[in-house]
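Everything below concerns the one structure shown next.
Reckoned from all heavy atoms, side chains included, excluding hydrogens, waters and symmetry mates. Just so it is clear: chains get the letters A, B, ... in the order the sequence lines come, proteins before strands, and each one is counted from 1.
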Protein chains: 2
Amino acid sequence: MSLMHYTRDNMAGLLRGHDINPTHQRIEIAHALFSRQEHLSADQVMAIVNTRHSETSKATVYNTLKLFLEKGLVREVIVDPSKVFFDPNTTPHHHIYEVDSGKLSDIDAEHVHISGLPPLPDNMVTEGIDLIVRVRRKA
Amino acid sequence: MSLMHYTRDNMAGLLRGHDINPTHQRIEIAHALFSRQEHLSADQVMAIVNTRHSETSKATVYNTLKLFLEKGLVREVIVDPSKVFFDPNTTPHHHIYEVDSGKLSDIDAEHVHISGLPPLPDNMVTEGIDLIVRVRRKA
DNA sequence: TCAGCAATCTGGACTTTGTCTAATTTCCGG
DNA sequence: CCGGAAATTAGACAAAGTCCAGATTGCTGA
Ligand SMILES: [Mn+2]
Ligand SMILES: [Mn+2]
Ligand SMILES: [Zn+2]
Ligand SMILES: [Zn+2]
């Protein structure tokens with residue numbers, strides 16, 4: 001699993017497994033995210049997918065990323081006020097954000113413990129807990 | 001301190017204490033935030049400040065909020081992909097974000113403990129730790 | 001085979017949030 | 001008062017994201 005090598009061929013199966021009809025564009029977009037295992041913005045996905053020659057429209061990139069999100073194939077990371085990052089890692093984990101460079105990296109949730117959170121009102125459920133460590137280069 | 005009542009008159013002193021020249025517009029913007037003690041977006045500040053008659057330009061609202069941020073008078077909360085919230089509460093605390101309604105509320109950091117975070121590289125310093133509990137109305 | 005149909009994709013107009021700039025206004029200190 | 005620095009302003013601009021109506025694609029059933 002952790003040694004999985006994400007080829008374009010794998011992508012169709014991955015998409016089907018999440019109830020997503022594997023079209024050419026969707027395969028390319030999934031491949032961009034999963035072969036790199038990096039946090040990418042819509043713009044970056046757009047650029048990657050259209051490197052050779054223009055293949056996929058902006059509308060499709062945005063629609064597809066939203067679809068992936070709904071189907072639980074990717075996760076959204078909100079750390080930069082100017083753009084959303086899409087994260088192919090959907091296992092519970094946290095993030096380190098380097099504010100100067102915009103570099104975003106993962107912290108495994110395994111050893112992190114958060115205690116003392118107040119109880120939620122009865123009619124509420126937790127959808128997720130986002131922990132972001134904002135760091136900066138030392139002066 | 002916790003019972004502080006923020007009048008417009010107080011605002012001038014508060015601003016001076018943070019090395020901010022208290023102008024009419026700055027006082028109005030500070031008053032919008034501190035009298036409510038709520039998380040406000042730039043748009044909301046703009047609307048509040050210009051309720052009676054138009055007094056403060058968009059440029060000034062954005063410039064002033066950025067100035068307040070730099071001077072440590074307010075804090076930025078990045079939780080919604082479409083807008084930034086400004087927080088008059090600068091004491092260490094965390095947030096609950098209700099995804100449906102967009103309602104944002106505070107969690108006192110006092111009793112929350114976060115352990116097991118990996119050590120940072122030597123050349124990095126933590127600027128802040130943001131913990132956001134994303135909640136949703138039960139189905 | 002192929003007409004019909006639903007799903008998908010597309011260019012481009014549009015909206016929203018935020019930034020920038022050059023011109024004006026406000027606020028002093030001398 | 002006068003001159004200059006600080007602050008404010010309108011409005012042009014930019015970037016991220018949404019929306020729509022028309023074109024394409026890929027089935028499916030006669
Ligand atoms: Mn983006
Ligand atoms: Mn705003
Ligand atoms: Zn991640
Ligand atoms: Zn807060």
Item to check | Check: B:H113 ring centre within less than 6.0 Å of A:H113 ring centre | outcome: no
Next on the checklist: From NZ of A:K83 over to P of C:dT19, roughly how many Å is that when rounded to an integer?
Outcome noted: 14 Å
Checklist entry - Taking only side-chain nitrogens and oxygens of B:Y62, does any of them come within less than 4.0 Å of OP1 or OP2 of C:dG18? => result yes
Checklist entry - Starting at NZ of A:K66 and ending at C1' of D:dT18, how long is that distance when rounded to a whole Å? => result 7 Å
Item to check | Whichever hydrophobic residues join B:I78 through chains of side-chain contacts under 4.5 Å | outcome: A:I78
Item to check | Presence of A:T60 side-chain N/O under 4.0 Å of C:dC9 phosphate oxygens OP1/OP2 | outcome: no
Item to check | Between C:dT10 (P) and A:M46 (CE): distance, integer Å | outcome: 9 Å
Checklist entry - In the hydrophobic cluster built from side-chain contacts under 4.5 Å, what are the other members alongside A:L131? => result A:I96, A:I107, A:V112, A:I114, A:L117, A:L120, A:M124, A:I129, A:V133, A:V135, B:I96, B:I107, B:V112, B:I114, B:L117, B:L120, B:M124, B:I129, B:L131, B:V133, B:V135
Checklist entry - Is B:E98 paired with B:R134 through a side-chain N to carboxylate O contact shorter than 4.0 Å? => result no
Next on the checklist: Would you say A:H5 and A:N10 are linked by a side-chain donor-acceptor pair, where the criterion is simply a distance under 3.5 Å?
Outcome noted: no
Next on the checklist: Would you say A:H94 and A:D130 are linked by a side-chain donor-acceptor pair, where the criterion is simply a distance under 3.5 Å?
Outcome noted: no
Checklist entry - Does A:K58 or A:T64 map to a spot on DNA chain C nearer the 5' end, using the closest nucleotide for each? => result A:T64
Next on the checklist: Output the rounded distance in Å from CG (B:L15) to C1' (D:dA7).
Outcome noted: 14 Å
Checklist entry - Please give, in whole Å, the distance from C:dT17 C1' to B:Q44 CD? => result 13 Å
Item to check | For DNA chain C, the residues among residues 16-28 of chain A that have a non-hydrogen atom under 4.0 Å from it | outcome: A:N21, A:T23, A:Q25, A:R26
Checklist entry - Over how many whole Å does the gap from A:I29 atom CD1 to C:dC9 atom C1' extend? => result 11 Å
Checklist entry - In whole Å, what is the span from the CG atom of B:D43 to the P atom of C:dT19? => result 13 Å
Checklist outcome for this item: B:F85 CZ to C:dG18 C1', in whole Å, measures 15 Å
Item to check | Out of D:dA16, C:dT19, D:dA10, whichever nucleotide has its closest atom nearest the side chain of B:A59 | outcome: D:dA10
Next on the checklist: Hydrogens and angles aside, do A:D9 and A:T7 bring a side-chain donor and acceptor to less than 3.5 Å of each other?
Outcome noted: no
Item to check | Given D:dG17, D:dA16, C:dT17, the nucleotide with the shortest approach to the side chain of A:V84 | outcome: D:dG17
